[in-house]
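Structure record follows, encoded as structure tokens.
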Amino acid sequence: MSNKVHVKTGDEVVVINGKYRGKRGKVLQVSPSEGKVIVEGVNIVKKHVKPRKMGEPGGIIEAESALYADKVQLICPKCGRPTRTGSKIVDGKKVRTCKKSDCLAEF
């Protein structure tokens, strides 16, 4: 199994299927070994937190949970549409490119 994920931390993505379909958010964390990502404001779960130190409050908090990277698609910063990515070598560096035929932006 490949440990490569098509998104990086800080990318803007859109969820393409499931309960949160169509929701946009920023990638907070990427886990290539599991093939999962954590997206801001998506897949919210309630966690029961136990107080660890004296005087620290416990209770129920809401936090983002991981979802499979296959369920998200990168949003092109130039055209603002969900896109697949290609790669191109520019000045000796590998850069990602938008695959939309009318855009072809590098990011």
Side-chain angles (χ1 to χ4, degrees):
M1 183 164 172
S2 177
N3 288 343
K4 192 170 180 185
V5 181
H6 67 283
V7 291
K8 297 177 183 176
T9 304
D11 285 343
E12 191 178 349
V13 294
V14 63
V15 180
I16 54 175
N17 70 354
K19 182 179 174 183
Y20 294 94
R21 182 180 185 172
K23 200 154 191 196
R24 291 179 174 218
K26 190 176 180 183
V27 176
L28 300 175
Q29 195 175 357
V30 178
S31 176
S33 60
E34 295 177 324
K36 292 185 175 187
V37 293
I38 296 177
V39 182
E40 186 177 36
V42 176
N43 203 16
I44 303 292
V45 293
K46 291 188 177 192
K47 291 174 77 175
H48 295 261
V49 178
K50 193 173 182 179
R52 295 286 169 203
K53 296 177 187 163
M54 195 71 163
E56 187 178 294
I60 301 170
I61 60 162
E62 290 188 347
E64 290 97 355
S65 182
L67 68 152
Y68 285 106
D70 301 347
K71 291 188 173 192
V72 297
Q73 196 167 21
L74 188 68
I75 295 175
C76 175
K78 184 181 174 191
C79 64
R81 295 181 292 177
T83 184
R84 291 180 177 172
T85 56
S87 59
K88 189 191 316 190
I89 296 176
V90 178
D91 299 328
K93 285 193 171 186
K94 193 174 182 180
V95 294
R96 294 184 294 176
T97 59
C98 179
K99 291 291 255 183
K100 298 282 184 188
S101 61
D102 57 337
C103 181
L104 301 172
E106 297 171 2
F107 49 94

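Here the structure is a predicted model, which means the values were calculated and not measured.
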Reported NZ-to-CZ distance for the pair Lys50 and Arg52, which is rounded to 0.5 angstrom: 6.5 Å

ILVMFWY network linking Leu67 to Val7, side-chain heavy atoms under 4.5 angstrom: yes

Joint cluster assignment, Ile44 & Val72, ILVMFWY side-chain distance < 4.5 Å: yes

Partner set under side chain to side chain contact (heavy atoms under 4.5 Å, CB included) for Ile89, not counting sequence neighbours: none

Separation between NZ of Lys100 and CZ of Arg84, rounded to the nearest 0.5 Å: 9.0 Å

Heavy-atom closest pair, residues Val37 and Val30: CG1-CG2, 4.1 Å

Atom of His6, atom of Ala69 and distance for their closest heavy-atom approach: CE1-O, 3.1 Å

Euclidean distance, Ser87 OG relative to Glu106 CD, rounded to 0.5 Å: 11.0 Å

Polar side-chain atom of Tyr20 near backbone of Gly41 as donor-acceptor pair, under 3.5 Å: no

Pairwise side-chain hydrogen bond (donor to acceptor under 3.5 Å, both in side chains) hits with a residue in residues 57-81, at least two apart: Arg81-Asp102

Closest contact, heavy atoms only, Cys76 versus Cys103: SG-SG, 3.7 Å

Non-hydrogen side-chain atoms of Phe107 and Leu74 separated by less than 4.5 Å: yes

Nearest atoms (heavy-atom pairs only) where Thr83 meets Cys98: OG1-SG, 3.5 Å

With a cut-off of 3.5 Å and sequence neighbours excluded, list every side-chain donor-acceptor pair involving residues 8-17.
residue : atom : partner : partner atom : Å
Asp11   : OD1  : Arg96   : NH2          : 3.1
Asp11   : OD2  : Lys8    : N            : 2.8
Asp11   : OD2  : Arg96   : NH1          : 3.0
Asp11   : OD2  : Arg96   : NH2          : 3.2

Pairwise distance CD(Glu40) to NZ(Lys23) - rounded to 0.5 angstrom: 10.0 Å

